[in-house]
> 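I'd like to ask you about the structure that follows.
As the structure lists them, so they are numbered: ligands from 1, and atoms in each ligand from 1. Because only heavy atoms are used, hydrogens play no part in the values below, and waters and symmetry mates are left out as well, while side chains stay in.
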Amino acid sequence: MPIALSNYWDGAWHPGAGESIERRAPARSDTVVASGAGVSSAQLDAAVGAAAHAFDAWRRLGIERRCAILRAAAGILSVRAEALGRELSHEQGKVLAEGVAEVRRAAAIFDYFGHQSKAPVAEEYAGPTSQQRLVVSHHPVGTIGVVTPWNFPIAIPAWKLAPALAYGNTVVWKPASHVPLLAFRLMEALEEAGLPPGVLSLTMGPGSIGQRIVESSQVDAVTFTGSTEVGRHLVETCGRRMKPIQAELGGKNVAVVAEDADLDQALEAILVGAFSGNGQKCTATSRVIVDERVADTFGRMLRERACALTVGDPLDPSTEVGPVVSSPDQVRIQAVIDAADGAVTVSAGDRRPGNGWFVNPTVVDLERPKGAFWTEEIFGPVVALVRANDYAEALRLADDTPFGLAAGVYTRSLDRVHQATEELKVGMLTINGPTTGSEPHVPFGGWKQSGFGPREQGSEARAFFTKSRTTAINAGTSR
Ligand code: NAP
Ligand code: MG
């Protein structure tokens, strides 16, 4: 039986009066996972109004009591990690182990921000005279519009909602249309954790609902993760309104394999980087640049292992690569593969249920940079291989993209590590490990067209979710 979806605002569940929603399982397109309806424009306005109205009481509650609710949510998500991970895998298509791990990650994020009540809340500086102290304090922004993508249905919402709420903001959240069930589950967990009425509104619906949130005069700031195309449009929309926006966008992430790399170690890291999440992570490895002295050997190793990956039902524990998120995405990705020269696309372990949206893990040997495989974010289980004459050329090619999210460098040379850290224009750099991955206590985000505004998570989350005030305190008597 499909799960019946609902929207949430003002402390109550509301059946939607807007567009109908029906999510099918990517591995079994005849199975409906969840159905319901998104909000109408009038319902959205009520949900925004409820969040705006709740702001003053929520900010005055104090950070310790807000954080206690987030810690309770972390506990609920931990207990439910297996069950929610299974639903995530069924709804989104990533393999079961990754679905469960993502729910645990969401719990860890709520736990991390649930402890921010113990972090310093202000900084003090000396004034120009001994009579004056300067105190920099941090205050909630107001009501935040949150718009999230489908590729991490619970972790990305967690890393926006948790800091927004901890620092005293209220939220209106529109999840991606492909993953309504996990949004519904996260809202349930937060309600059970004791979130007061109005503090969080969950409003499902198409992009136009996200657009209406962003444009609302009652929404004070926007945090968005998704494509560069939509992100650019929202940055322009917010710019006209002088509304702060944080946008985490697309990538064309690179792995650089130096001549001295441990090729076995690089291979394992690149397989995870390219094919985990079925290749649909913003940090997925999509270009591999190999020093030509080891390129034939490494190319052979990568093709062999990619072709041996087991493609199938994500709920089957033996599956290594599941389906992509939708039928149009399957058609789009397959068309790019079919148009490429030198694509090796074979799947040795094929265990597909039959009517899912599958794409074979694919390695394309481009030899030199060219075409869509080099320039476009394909967002599927595909990776392009290119040869470089030497390490310096490899680093130059790595930056040959308007994106700047993630890079991996594979080398045993300290000198090459130094060069990479100096030269690569990316927000996330991994030495001898997968390009994918993040931790809640350190910043996450991209340079160039991969990100706009302050980074997410860690010490930088507060920069976006609060406004600072400098207070000059002078002694009350002249001494
Ligand atoms: P998307 O198409 O840009 O959609 C993202 C969200 O924006 C969805 O909730 C979408 O709603 C909504 N939306 C669409 N049009 C809108 C509009 N005009 N106004 C307001 N909201 C609108 O991205 P996606 O396909 O979900 O996700 C894949 C992309 O996200 C990739 O490019 C990937 O690289 C990027 N990503 C980046 C990061 C990062 O941290 N840098 C992390 C994850 C993903 P609907 O779902 O209803 O269309
Ligand atoms: Mg999209």
Side-chain angles (χ1 to χ4, degrees), residues 16 18-23 37-39 44 91-94 102 105 145-160 172-180 182-183 202-216 219 222-238 243 245-253 277-286 324-329 332-333 376-380 401-406 426-428 435-438 443-457 460-461:
E19 281 190 22
S20 55
I21 299 171
E22 184 188 75
R23 176 57 181 166
V39 292
L44 178 69
E91 176 179 57
Q92 197 269 351
K94 65 180 68 175
E102 185 182 331
R105 173 126 74 97
V146 172
V147 180
T148 50
W150 49 262
N151 63 340
F152 285 94
I154 193 164
I156 289 180
W159 81 37
K160 294 180 186 297
V172 183
W173 170 33
K174 191 208 94 66
S177 296
H178 290 320
V179 289
L182 262 286
L202 168 63
T203 55
M204 300 191 194
S208 55
I209 291 296
Q211 179 82 33
R212 197 172 172 91
I213 294 173
V214 173
E215 288 175 356
S216 169
V219 168
V222 172
T223 175
F224 168 82
T225 297
S227 60
T228 297
E229 184 191 358
V230 175
R232 179 177 288 114
H233 170 67
L234 296 185
V235 166
E236 286 168 3
T237 303
C238 287
K243 190 180 284 195
I245 178 167
Q246 169 188 63
E248 290 299 343
L249 309 169
K252 189 67 193 170
N253 311 297
N278 313 331
Q280 302 169 119
K281 294 185 179 177
C282 50
T283 50
T285 303
S286 70
V324 297
V325 75
S326 73
S327 171
D329 280 289
R332 175 185 59 78
I333 297 164
E376 281 174 27
E377 182 186 44
I378 299 167
F379 227 57
T401 165
F403 295 111
L405 187 52
V426 293
M428 312 298 296
T435 51
T436 50
S438 70
F444 177 92
W447 293 13
K448 302 200 277 187
Q449 291 187 21
S450 291
F452 186 89
R455 296 287 86 95
E456 301 202 72
Q457 301 196 87
E460 293 201 22

> Evaluate the salt bridge (Lys or Arg N to Asp or Glu O under 4.0 Å) criterion for residues E248 and R455: first the C-alpha distance (whole Å), next the side-chain angles of each, then the deciding distance (0.1 Å), finally the verdict.
CA-CA 8 Å; E248 290 299 343; R455 296 287 86 95; 3.6 Å; yes
> Under the side chain to side chain contact (heavy atoms under 4.5 Å, CB included) rule, collect the residues that match up with S208, sequence neighbours excluded.
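So S208 forms a side chain to side chain contact (heavy atoms under 4.5 Å, CB included) with P206.
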> I'd like to check the side chain to side chain contact (heavy atoms under 4.5 Å, CB included) partners of M204; sequence neighbours left out, ordered by chain and number.
L5, N7, I21, P175, P180, F184, L202
> Sequence neighbours left out, cut at 3.5 Å: what donor-acceptor pairs do the side chains of residues 147-156 make with other protein atoms?
{"unit_1": "T148", "atom_1": "OG1", "unit_2": "W173", "atom_2": "NE1", "d": "2.9"}
{"unit_1": "N151", "atom_1": "ND2", "unit_2": "Q280", "atom_2": "O", "d": "3.1"}

> Mind listing the N or O contacts between ligand 1 and protein, cut-off under 3.5 Å?
{"unit_1": "ligand 1", "atom_1": "3 (O)", "unit_2": "S227", "atom_2": "N", "d": "2.8"}
{"unit_1": "ligand 1", "atom_1": "3 (O)", "unit_2": "S227", "atom_2": "OG", "d": "2.6"}
{"unit_1": "ligand 1", "atom_1": "9 (O)", "unit_2": "T148", "atom_2": "O", "d": "2.8"}
{"unit_1": "ligand 1", "atom_1": "9 (O)", "unit_2": "K174", "atom_2": "NZ", "d": "3.3"}
{"unit_1": "ligand 1", "atom_1": "11 (O)", "unit_2": "K174", "atom_2": "NZ", "d": "3.0"}
{"unit_1": "ligand 1", "atom_1": "18 (N)", "unit_2": "Q211", "atom_2": "OE1", "d": "3.1"}
{"unit_1": "ligand 1", "atom_1": "19 (N)", "unit_2": "G207", "atom_2": "O", "d": "3.4"}
{"unit_1": "ligand 1", "atom_1": "19 (N)", "unit_2": "Q211", "atom_2": "N", "d": "3.4"}
{"unit_1": "ligand 1", "atom_1": "19 (N)", "unit_2": "Q211", "atom_2": "OE1", "d": "3.4"}
{"unit_1": "ligand 1", "atom_1": "23 (O)", "unit_2": "S227", "atom_2": "N", "d": "3.3"}
{"unit_1": "ligand 1", "atom_1": "25 (O)", "unit_2": "W150", "atom_2": "NE1", "d": "2.9"}
{"unit_1": "ligand 1", "atom_1": "26 (O)", "unit_2": "W150", "atom_2": "NE1", "d": "3.3"}
{"unit_1": "ligand 1", "atom_1": "30 (O)", "unit_2": "G226", "atom_2": "O", "d": "3.3"}
{"unit_1": "ligand 1", "atom_1": "32 (O)", "unit_2": "E377", "atom_2": "OE1", "d": "2.7"}
{"unit_1": "ligand 1", "atom_1": "34 (O)", "unit_2": "E377", "atom_2": "OE2", "d": "2.5"}
{"unit_1": "ligand 1", "atom_1": "41 (N)", "unit_2": "L249", "atom_2": "N", "d": "3.2"}
{"unit_1": "ligand 1", "atom_1": "41 (N)", "unit_2": "L249", "atom_2": "O", "d": "2.7"}
{"unit_1": "ligand 1", "atom_1": "46 (O)", "unit_2": "S177", "atom_2": "N", "d": "2.9"}
{"unit_1": "ligand 1", "atom_1": "47 (O)", "unit_2": "K174", "atom_2": "NZ", "d": "3.1"}
{"unit_1": "ligand 1", "atom_1": "47 (O)", "unit_2": "S177", "atom_2": "OG", "d": "2.5"}

> Under a 3.5 Å distance rule, please check whether Q246 uses its side chain to pair with a backbone N or O of P454 as donor and acceptor.
yes
> Strictly distance-based, threshold 3.5 Å: is any side-chain N or O of T435 a donor or acceptor partner for the main-chain N or O of T283?
yes
